[in-house]
Amino acid sequence: MEMSLEKQLEIIKRGTVEIVPMDELVKKLEKSLNDKKPLKVKLGLDPSAPDIHLGHTVVLQKLKQFQDLGHEVILIIGDFTGRIGDPTGKSATRKQLTEDEINKNAESYKKQIFRILDPDKTQVVYNSHWLAKFKFEDVIRLAAKTTVARILERDDFKKRYDDNQPIGIHEFFYPLMQGYDSVELKADIELGGTDQKFNLLMGRNLQKEYGQEGQIALMMPILEGLDGVLKMSKSLNNYIGVEDSPKEMFGKVMSIKDELILRYFTLVTPLSNEEIKMMEKEMVAGKNPRDYKVKLAKIIITQYHNIEEADNAEIEFINIFSKNQLPDEIPEVELELGGEGNYWIPKLLQNLGLVSSTSDGKRMLEQGGVKVNGEKITEANLNIEDKMVVQVGKRKFAKIIIK
RNA sequence: GGGGAGAUUCCCGAGAGGCUAAAGGGGGCAGACUGUAAAUCUGUUGUCUACGACUUCGCAGGUUCGAAUCCUGCUCUCCCCA
């Protein structure tokens, strides 16, 4: 089904940070409408992180919109580039992956991505198909298309260079290879986070160098993680994974800062601009932000699981945190009965896997963070009983099963 | 090839022979409070049945009663010159 140019543009623009160049996008869309030929929309994926989180879905949602508009979506698994290692946002050299790791990651990647994209309408390609065939001569030719000064324009290269941090020569090739992918596919549009701007534009330049029309670069914002400051990433452990359990998702969403609520609605849910504006007004008028977080959590859980799970997660959350009850599923841990069942609590907590060391366990005890069957415990020893529930902090529980 | 600087605990970063399990900040965790695992405040943050012992300041040795601190060699990184 076709949509008017204006309508398409409106959908495409929602949530983007930048589209360069805008006027060429309009032209490409016009042409696509006239010729009834879909545009090729490319997204490159680095297979180093097999766990997709909401940060990744920002771009994937946009891709899905293109797909719904009838355009052709092409995913490139950067299996070849992954072996080389992209410079990371942390301004440190990323480790190189082995072929095995990459294949495994790519498979799990696809599975997760198709929770959002339509697998029947998505083309998946591996960039080793063309890059692995490069001869050294081809590499040099490709490298000659740009200059060191231009490469150093890239933000994190510049930063690392200025900070006296190491940069491997191989890292310079990353943008070149990614750019070459666009040449190979004759991409019309490439999506990416704002951190990809340099790479996306490199693709555009290379396409022109190889006599093609340059692709449009469409940048989506980088989603902040649960802390609200740093970008969402697995290594920072501030992420919500699409494969997280409903309960985890609910809890994690509830832990975001209030200021982040509307941003999350814009970037990870399909709600319209009007609906979001409305919520903003209501919150300014004094409505409790907590309720919007609940709504956000439920939308997200429904997307990646289903409505029932979303409802259950809400109920459980209210029980544990608002009413201070126990969760309905507590991990059970088997214990040998040492002595006559009298346990030193720090050791008990460690054996139950609730704390990492007895020192940690002592601290928890001293700080009043230990509860047994809902009662706060302060003495150092405890006679354990079967099915006793031990709790550390607000969210770590274990049920003792005596062997 | 020559010269210089550096590597500290989860991260950043002080410390320059004993007062150092190592300042400060970040992050994490716990408690209080509440609107929630938000915000804020307080405490805590190597291990060990523990007012003591053991392990930790790039790696390996050495000097010393005593080393993160001094010496030697090695590994890695950065800068300047060529």
Side-chain angles (χ1 to χ4, degrees), chain A residues 88-93 95 157-169 171 224-240 244-265 282-298 300-301 313-327 338-339 342-351 353-371 376-382 390-397:
Chain A
T88 69
K90 281 182 302 174
S91 303
T93 306
K95 73 165 187 182
F157 282 145
K158 186 169 163 35
K159 216 191 236 148
R160 280 201 272 161
Y161 195 70
D162 290 346
D163 282 358
N164 298 340
Q165 296 293 316
I167 303 173
I169 297 281
E171 295 183 66
E224 291 84 357
L226 301 177
D227 56 274
V229 181
L230 298 169
K231 81 173 203 181
M232 183 175 281
S233 81
K234 199 184 175 203
S235 51
L236 294 171
N237 195 27
N238 61 356
Y239 70 101
I240 300 176
D244 278 355
S245 71
K247 281 177 220 164
E248 272 176 301
M249 282 184 175
F250 200 97
K252 284 178 177 177
V253 172
M254 293 309 281
S255 80
I256 64 172
K257 292 185 203 307
D258 292 352
E259 299 81 72
L260 237 52
I261 298 174
L262 293 171
R263 190 164 168 81
Y264 270 49
F265 268 114
E282 288 170 356
M283 265 192 276
V284 170
K287 274 212 155 198
N288 191 339
R290 182 197 51 184
D291 300 331
Y292 294 94
K293 278 204 240 182
V294 170
K295 181 173 172 184
L296 176 63
K298 291 178 76 172
I300 291 171
I301 296 169
E314 181 184 11
I315 292 165
E316 171 137 336
F317 186 86
I318 291 172
N319 283 344
I320 299 178
F321 297 104
S322 307
K323 300 188 187 157
N324 243 322
Q325 293 173 356
L326 298 176
N342 194 277
Y343 252 91
W344 184 52
I345 291 181
K347 194 74 199 169
L348 175 70
L349 300 179
Q350 189 187 27
N351 288 346
L354 298 173
V355 296
S356 58
S357 65
T358 55
S359 301
D360 197 19
K362 262 183 88 156
R363 265 173 239 133
M364 293 302 117
L365 195 59
E366 278 161 15
Q367 298 185 129
V370 182
K371 283 186 188 166
K376 191 196 270 186
I377 294 290
T378 46
E379 53 276 13
N381 291 289
L382 178 73
V390 181
Q391 176 181 1
V392 173
K394 287 193 182 68
R395 32 181 171 152
K396 276 183 278 182
F397 300 89

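Letters go in sequence order (proteins before strands), and every chain restarts at 1. Here the structure is a predicted model, which is why all the values come from computation and not from measurement.
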Base, sugar-phosphate alone, or nothing: which one does A:G368 contact when heavy atoms must sit under 4.0 Å apart?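 A:G368: backbone/sugar contact only, no base atoms under 4.0 Å.
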
Taking any heavy-atom pair under 4.0 Å as a contact, classify A:Q350: base, sugar-phosphate, or nothing.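 Sugar-phosphate, backbone atoms only, no base.
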
Counting distance alone, no hydrogens or angles: does the base of B:A37 have a donor or acceptor under 3.5 Å from a partner atom on the side chain of A:R395?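 Answer yes: a donor N or O sits under 3.5 Å from an acceptor.
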
Classify the side chain of A:Q367 versus the base of B:G31 as yes if they form a donor-acceptor pair under 3.5 Å and no if they do not.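 By the distance-only test, no, there is no pair.
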
Pick the [atom1] atom in [N] and in [M], then give their distance to the nearest Å.
N     : M     : atom1 : value
B:C10 : B:C57 : P     : 11 Å
B:A82 : B:C11 : C1'   : 38 Å
B:G25 : B:A60 : P     : 33 Å
B:U40 : B:U8  : P     : 30 Å

Would you say B:G35 has OP1 or OP2 under 4.0 Å from some side-chain N or O of A:R290?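 A:R290 to B:G35 OP1/OP2: no side-chain N or O under 4.0 Å.
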
For B:G31, does OP1 or OP2 lie under 4.0 Å from any side-chain N or O of A:K394?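 So the side-chain polar atoms of A:K394 do come within 4.0 Å of the phosphate oxygens OP1 or OP2 of B:G31, strictly under.
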
Protein and nucleotides 77-82 of chain B: nitrogen or oxygen contacts under 3.5 angstrom:
residue: B:C78; atom: O4'; partner: A:N164; partner atom: O; Å: 3.3
residue: B:C78; atom: O2'; partner: A:N164; partner atom: OD1; Å: 3.4
residue: B:C78; atom: O2'; partner: A:N164; partner atom: ND2; Å: 3.2

With sequence neighbours excluded, residues passing side-chain hydrogen bond (donor to acceptor under 3.5 Å, both in side chains) with A:D244: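 Checked A:D244 against side-chain hydrogen bond (donor to acceptor under 3.5 Å, both in side chains); matches are A:K252.
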
Show the distances under 3.5 angstrom between N or O atoms of the protein and N or O atoms of nucleotides 38-40 of chain B.
residue: B:A38; atom: O4'; partner: A:K293; partner atom: NZ; Å: 3.2
residue: B:A39; atom: OP1; partner: A:K257; partner atom: NZ; Å: 2.7

For A:Y161, give me all partners under ring-ring contact (aromatic ring centres under 6.0 Å, His included), at least two apart in sequence or on another chain.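 Expected list: none.
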
Atom pairs, protein N/O to nucleotides 50-54 of chain B N/O, distance under 3.5 Å:
residue: B:A50; atom: N6; partner: A:T358; partner atom: OG1; Å: 2.8
residue: B:A50; atom: N3; partner: A:K362; partner atom: NZ; Å: 3.0

Check residues 256-264 of chain A and write down every donor-acceptor pair under 3.5 Å in which the side-chain atom is one partner and the other belongs to a residue at least two apart or another chain.
residue: A:K257; atom: NZ; partner: A:D227; partner atom: O; Å: 3.3
residue: A:R263; atom: NE; partner: A:E224; partner atom: OE1; Å: 2.6
residue: A:R263; atom: NE; partner: A:E224; partner atom: OE2; Å: 3.3
residue: A:R263; atom: NH2; partner: A:I222; partner atom: O; Å: 3.3
residue: A:Y264; atom: OH; partner: A:E224; partner atom: O; Å: 2.7

